[in-house]
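Okay, so here's the structure we're looking at.
Everything numeric in this text was worked out from a predicted model, so none of it was measured.
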Amino acid sequence: MMPMPKPPNDRKKRLKEILLQKSFLKGDFVLTSGARSKVFFDVKMTSLNPEGAWLAADLILDMLEGQKIDAVGGIAVGACPIVSAICVRSYERGMPIDAFYVRKEEKKHGTQKKIEGLELKKGARVVVVDDVATTGGSILEAVHAVKLLGCEIVKTLVVVDREQGGSEKLATEGYRLESLFKRSELE
């Protein structure tokens, strides 16, 4: 078995390198919001990479250090890799945080759940994450789903904030969007 590589001294700098190498694309793209863009951040290419996932999760956990957090989750599919990485890394760091995913629609079979993973209880302190924020719609969709259960949203955060209104939209509902990187830091 290969030994685990040592984490780089500057984890954020290394994550930026991985994002630029694997996730930063130029072309003509249609975003989830329907807007067109010449730049696309396919952050799943970083969050599905072992080193990228580890670094992003570790940096996010730095942002949560010392806070009582019951669960971390976000909208499927964008948030799934990063939520899973945070869950695993939180255990490694001795601050275990459960994970959940919010489906776009309730399942039509089995348990017919809209929220998968940890069964969230009223009063649970929750962090909602996503890979990228453009208008903030996906993050708010997850926020609204867990608020219906009576959970407290402690933080909303993303790996990349495209700086296209997401932060402002979340602010109108009383949430501050935090990010590991802003678009302007990656171009």
TODO: I would like to know whether Leu157 and Ile60 meet side-chain contact (heavy atoms from CB on, under 4.5 Å); could you show each step before the answer?
DONE: CA-CA 8 Å; Leu157 50 90; Ile60 288 170; 3.7 Å; yes
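One finds the CG atom of Leu64 at 8.5 Å from the CZ atom of Arg93 (value rounded to the nearest 0.5 Å). For the atom pair Ser47 OG and Trp54 CH2, the distance stands at 16.0 Å (nearest 0.5 Å). From Asp70, atom CG reaches atom CD1 of Ile97 across 9.0 Å, with rounding to the nearest 0.5 Å. Summarising the geometry, atom OG1 belonging to Thr156 is positioned 10.5 Å from atom CD belonging to Glu173; distances are rounded to the nearest 0.5 Å.
Legend: residues meeting side chain to side chain donor-acceptor pair (under 3.5 Å) with Asp42, ordered by chain and number and at least two apart, are absent. Applying the side chain to side chain contact (heavy atoms under 4.5 Å, CB included) rule to Cys87 yields the partners Ala99; only residues at least two apart in sequence or on another chain are considered. Annotation: side chain to side chain contact (heavy atoms under 4.5 Å, CB included) contacts of Leu59 (sequence neighbours excluded): Arg11, Lys12, Leu15, Asp62, Leu180. Residues that satisfy the salt bridge (Lys or Arg N to Asp or Glu O under 4.0 Å) test with Lys44, not counting sequence neighbours, are Asp131. When the side chain to side chain donor-acceptor pair (under 3.5 Å) test is applied to Thr46, the partners found at least two apart in sequence or on another chain are Ser23. Applying the side chain to side chain contact (heavy atoms under 4.5 Å, CB included) test to Lys13 and every residue at least two apart in sequence or in another chain returns Asp10, Glu17. Here Ala53 pairs with Ala85 under the side chain to side chain contact (heavy atoms under 4.5 Å, CB included) rule; sequence neighbours left out.
No continuous path of hydrophobic side-chain contacts links Leu25 to Val132 [ILVMFWY only; heavy atoms under 4.5 Å]. A continuous path of hydrophobic side-chain contacts links Val159 to Met63 [ILVMFWY only; heavy atoms under 4.5 Å]. Under a hydrophobic clustering in which Ile, Leu, Val, Met, Phe, Trp and Tyr are joined whenever their side-chain heavy atoms come within less than 4.5 Å, directly or via other members, Val160 and Val39 fall into the same cluster. Taking hydrophobic clusters as Ile, Leu, Val, Met, Phe, Trp and Tyr residues chained together by side-chain heavy-atom distances below 4.5 Å, Val143 does not share a cluster with Leu148.
Applying the salt bridge (Lys or Arg N to Asp or Glu O under 4.0 Å) definition to pairs two or more places apart or across chains, those involving residues 73-91 are Asp58-Arg89, Arg89-Glu92. Screening residues 20-45 for ring pair (Phe, Tyr, Trp, His ring centres under 6.0 Å), with sequence neighbours left out, gives Phe24-Phe41, Phe29-Phe40. Annotation: salt bridge (Lys or Arg N to Asp or Glu O under 4.0 Å) contacts involving residues 74-86, sequence neighbours excluded, are absent. For residues 154-168, the salt bridge (Lys or Arg N to Asp or Glu O under 4.0 Å) pairs, not counting sequence neighbours, are Lys155-Glu178, Asp161-Lys182.
For the pair Leu61/Met95, a side-chain contact is recorded, criterion being any heavy-atom separation below 4.5 Å from C-beta on. Residues Leu31 and Gln164 are in side-chain contact: their nearest non-hydrogen atoms beyond the backbone lie under 4.5 Å apart. With contacts defined as side-chain heavy-atom distances shorter than 4.5 Å, the pair Val146/Phe100 qualifies. Residues Ile75 and Ile139 form no side-chain contact, since every pair of their non-hydrogen atoms from C-beta on lies 4.5 Å or further apart. With a 4.5 Å cut-off on side-chain heavy atoms, Asp28 and Lys38 count as touching. In this structure, Ile86 and Val129 have side chains that are in contact, with non-hydrogen atoms separated by less than 4.5 Å. Between Val102 and Glu141 there is no side-chain heavy-atom pair separated by less than 4.5 Å. For the pair Gln67/Val154, a side-chain contact is recorded, criterion being any heavy-atom separation below 4.5 Å from C-beta on.
Using a 4.0 Å cut-off between charged side-chain N and carboxylate O, Glu116 and Arg103 make a salt bridge.
Panel note: side chain Lys22, backbone Asn49; no donor-acceptor pair is recorded below 3.5 Å. For the pair Tyr91 (side chain) and Pro96 (backbone), a donor-acceptor distance under 3.5 Å is absent. Of the possible donor and acceptor atoms, none in the side chain of Ser84 sits under 3.5 Å from a partner among the backbone N and O of Pro81.
Closest heavy-atom contact between Ala145 and Lys114: CB-CE, 4.3 Å. Shown here for Ile115 and Leu149, the closest heavy-atom pair between the two residues is CD1-CD1, 3.5 Å. Closest of all the heavy-atom pairs between Ala56 and Ile82 is CB-CD1, 3.4 Å. The shortest non-hydrogen separation linking Gly74 to Val83 is N-CG2, 3.9 Å.
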Distance-only check: which donor-acceptor pairs under 3.5 Å involve side-chain atoms of residues 120-127, not counting sequence neighbours?
{"unit_1": "Arg125", "atom_1": "NE", "unit_2": "Lys68", "atom_2": "O", "d": "2.6"}
{"unit_1": "Arg125", "atom_1": "NH1", "unit_2": "Glu152", "atom_2": "OE1", "d": "3.4"}
{"unit_1": "Arg125", "atom_1": "NH1", "unit_2": "Glu152", "atom_2": "OE2", "d": "3.0"}

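More than 12 non-hydrogen atoms from other residues, nucleotides or ligands lie less than 6.0 angstrom from CD of Glu185.
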